[in-house]
Every structure is written in structure tokens, then in C-alpha cells.
2 protein chains.
Amino acid sequence: MNVQTLCLGALTLGEASGYEIKKLFEDGPFAYFYHASYGSIYPALSMLLENELITMRQEEQDGRPDKKVYAITPKGSGVLGRKLKKAPAPDKIRSEAMLMFFLADHLDASHLDEVFEGYLEAYRDKLDYVNRPDDGEWPPHCQFVKGLGQAFYRTAIRYMEENRHLLFSSIDQGEKR
Amino acid sequence: MNVQTLCLGALTLGEASGYEIKKLFEDGPFAYFYHASYGSIYPALSMLLENELITMRQEEQDGRPDKKVYAITPKGSGVLGRKLKKAPAPDKIRSEAMLMFFLADHLDASHLDEVFEGYLEAYRDKLDYVNRPDDGEWPPHCQFVKGLGQAFYRTAIRYMEENRHLLFSSIDQGEKR
DNA sequence: ACCGGCATGTAACGGGTTACATGATTTT
DNA sequence: AAAATCATGTAACCCGTTACATGCCGGT
């Protein structure tokens, strides 16, 4: 499963530009379970277009650069369907922050504090974002995914607030905060 | 932050072979926040050895292949310390299972069911694993990380059990189960 | 005047995974 | 008899990120 499949999946939600697809992974509902950058999305869309799995329509905008709006074709739907028939690969996570917490005894207290607060803040932001009243009103199976994201965020925030002492107890010897 | 840094971090927990380091990411405490394969770990260890950030000792075993036991050097500790001074990159997650749930309306019910049960089962296994009575008795900051992993697993399991219907409601039209 | 957002794209580079290669021993 | 565990390693390949390149508009 690569970014091409991902774009195909994103386009089943409706037509979109590369820029808009990127935002799905930045803020949108995909944000907590997948990532992709422009450098992978744009070439993926070109490929998909070439293979007629999607179509493109140039949209003029006033005061904005032109937009290339892509839409999935029946052929694209077929390909996506076949890719989704396989068993999913196990989740892959890489959290540098967690690694830092795990190696907290090698960090000085002030830096650990910065990392901790930054990480916690990031989770609060994500939760705020996902808690906004729904714009697009999702079908139940998308709510399932969104809800799991929320549950994760809440869990992380509560846990971090309640167990902060565990992280800092190893290296508390009278430093700031 | 690459696999070299990761190996250095792993070796701060005590000396270990490449094989043992791999297991830290498979079952061990690293499992829920980082991944690495042999194809990256072994070359990383070679590099670290070459740069004298770690040392190696060949250990003979009866009825087993020889083992190369690595240990971090002071130089290695220094390098690790410097890498940990930087701000952590944001978490990167890719969950094909979640993507499938998000696109559940493109899957047939039996496959969705398989994926769902498999994913839930995987979480139960991970929770069982992490719930085992501690072998190595970790310091508090490692308990913090381990505890957050447990909290995540429990959250996922409970949520999936309680919200199964959301996922299947879109495509329920009298199929098996 | 400058920054952030909108909008698309490319090229080099880095990095990790997959698959292969080998082989003994223990468990099922 | 087969499969899993222990144990190390290599090479080709895939793929994605980073950084660069471009440009207009609106807000501060």
C-alpha cells in the first residue's frame, strides 16, 4: 500500500486537488493514521492520471492559482477494491518523542520538560481539531475511525497529565520547574 | 533520527546482540512506538562499531550460532546525548487497517470482519504481552512509556468492542455473522 | 514590508524493507 | 516431517522526504 492507493482512497470521498488531499493528512480525518507529503502526492496523482485511474479537470480561480481537481474513475475504483482485498500490513509507528521519554535519563530536565509539554500540547491541539463540530457529516464507518482517534488523543492527554511524575522522578535533583 | 540512533538507545539498556535488539521492537518495550528490521539493524551496528560508538564481543554458545554482543561506549553515549538534544520529529503513523476501516464501504462484509477481528486480536495480544509480570523491572520513566502503551491498547480494545456496530452499519444487508 | 496561505511541481538523496542466503536445534 | 527459534548478513529495490523553484493574494 503506497501513496497512490492512499490518493485513490481519498478521492472516494469526493473530488479533490493534490493540495486538498495533502490537508486530509495534515489536519483532516486521515491525520492520525497516515501521513504523506507533496513530494509523494503530486507524482502519485500524475501516475494515477496516466493510468486512467483518475480524471483531471483544471479549475480557474480568481485571485488564486489554478487548481487541478481530480476524480476517481470506475477503473480506479476497481483497482482500489482489489488492493483493499488483501490483509492490511501491521501498523507502523515511529515516535521520536516516545523514544526520548524512554531514554529520559539521558536528557537534561529542561529539555525533557520542553519535549513533554510540546508533545502534550500537540495532542491537545489534535483533540481540539477533531472535536470541532463536523463540517462534512461522515458516514458511521468514518465516525468509527474518527472516534478511535479521539479516544486515543484523550487517553494520551489524561495519561500524560496523571503520570508526569513517573517521567521526571528519575532525574529530579532540583532544576527549573 | 535513524536506526543507528535507535540501536544506540537500545544499548543504553544493557549490552545486546542484533537479534536481541530486533526483538525489542517486535515484542519488547519499543514495540508500540518504533519498528526496525534486520536489514536495517545489522548494517547500523556495523557502522556504529566502525565509528567506535559501540564495542563487540563474540560469544560462543553450544547448539546455537555464535552471538555478537554489542555494548555502547562513552563516545557512543556522547553522540546519543547530542542527538537527543534536538526536538523530536512529529510522530509518524501508518495504519493500513485504519485506512481500510475508513474505506469500509468499499470492502465486502466478510473481509471487513476478518480485518476487524484480526486487528482487535492483535491489540489483545499486545496488551497480554505488556501485562506480563515484569521481568526486568524498569525505572519509572520507562514505566511511563510502557504505561502509555498499555493505556493505548486498552483504549483501542474497549473502543473497538463498543463501537463495532458503527463500522458495520453502513454495509449490513444480511451477510454472514 | 513581510508572512502565511493557496497551489503545483521536480530532483536528489536518504533510508528502510524485502527477499535472499545459510544452518543448527528445538518444538509441534 | 514441518515449522519455529536462534543467529547473522547482503543487495536490490522501492519509496518517500527534503529542499528547492515559482508566484499571487490577503492580512498584519
Side-chain angles (χ1 to χ4, degrees), chain A residues 1-8 10 15-28 30 34-50 54 56-70 83 86-96 99, chain B residues 1-8 10 15-28 30 34-50 54 56-70 83 86-94 96 99 125:
Chain A
M1 193 151 311
N2 52 21
V3 178
Q4 270 181 56
T5 315
L6 216 59
C7 289
L8 236 33
E15 37 172 51
S17 64
Y19 190 82
E20 284 160 355
I21 291 175
K22 170 74 198 307
K23 291 191 71 194
L24 285 178
F25 299 104
E26 230 167 53
D27 320 315
F30 284 61
Y34 238 100
H35 296 270
S37 61
Y38 291 125
S40 56
I41 290 172
Y42 284 123
L45 288 170
S46 303
M47 260 295 147
L48 291 169
L49 187 63
E50 212 174 283
I54 57 176
M56 191 264 280
R57 164 172 58 87
Q58 202 108 14
E59 203 173 82
E60 288 163 50
Q61 299 182 121
D62 38 271
R64 289 276 153 77
D66 279 11
K67 215 196 229 185
K68 292 185 174 177
V69 180
Y70 298 93
K83 299 240 179 162
K86 293 187 278 192
D91 295 358
K92 296 215 186 314
I93 306 169
R94 20 189 60 200
S95 173
E96 294 194 358
L99 181 62
Chain B
M1 190 152 310
N2 52 23
V3 177
Q4 270 181 56
T5 315
L6 217 58
C7 289
L8 236 33
E15 37 172 49
S17 63
Y19 189 83
E20 285 161 355
I21 291 175
K22 170 74 198 309
K23 291 191 72 193
L24 285 178
F25 299 102
E26 231 167 53
D27 321 315
F30 285 60
Y34 238 100
H35 295 269
S37 62
Y38 291 124
S40 57
I41 290 172
Y42 284 123
L45 289 170
S46 302
M47 262 295 149
L48 291 170
L49 187 63
E50 211 174 284
I54 56 176
M56 191 264 282
R57 162 172 60 86
Q58 203 107 14
E59 204 173 83
E60 288 162 51
Q61 299 182 118
D62 38 270
R64 290 273 152 79
D66 279 11
K67 215 196 227 183
K68 291 185 174 177
V69 180
Y70 297 92
K83 300 242 178 159
K86 294 187 276 191
D91 295 358
K92 295 215 186 316
I93 306 170
R94 19 189 60 200
E96 295 196 357
L99 180 62
D125 287 348

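Residue numbering restarts at 1 for every chain, and letters A, B, ... go by the order of the sequence lines.
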If you check the [X] side chain, which of [options] turns out closest?
X      : options                  : result
S37(B) : dT8(C), dG16(D), dT18(C) : dT18(C)
Y19(B) : dC6(D), dT17(D), dT10(C) : dC6(D)
N2(A)  : dT17(C), dG16(D), dC6(D) : dG16(D)
S40(B) : dG5(C), dT17(C), dT17(D) : dT17(C)
S17(B) : dT8(D), dT8(C), dG16(C)  : dT8(D)
V3(B)  : dT8(D), dA7(C), dG16(C)  : dG16(C)
K67(B) : dT8(D), dT10(D), dT8(C)  : dT8(D)

task: Specify the closest pair of heavy atoms between I54(B) and L45(B), including all atoms of both residues, with the distance to one decimal.
output: CD1-O, 3.5 Å
Atom of C7(B), atom of I41(B) and distance for their closest heavy-atom approach: SG-CG2, 4.1 Å
message: Please determine whether salt bridge (Lys or Arg N to Asp or Glu O under 4.0 Å) holds for the pair E96(B) and R94(B), giving the CA-CA distance in whole Å, both sets of side-chain angles, and the decisive distance to 0.1 Å.
response: CA-CA 6 Å; E96(B) 295 196 357; R94(B) 19 189 60 200; over 6 Å; no
Checking all strands, does [X] fall into the base, sugar-phosphate, or nothing category for heavy-atom contacts under 4.0 angstrom?
X      : value
Y34(B) : nothing
K23(B) : sugar-phosphate
S46(B) : nothing
F25(B) : nothing

field: Contact nearer the 5' end of DNA chain C, comparing D66(A) with P43(A)
entry: D66(A)
field: Atom-to-atom span, CG of L45(A) to P of dT10(C) - whole angstrom
entry: 12 Å
statement: Closest to the 5' end of DNA chain D, once M1(A) and Y70(B) are matched to their nearest nucleotides, is Y70(B)
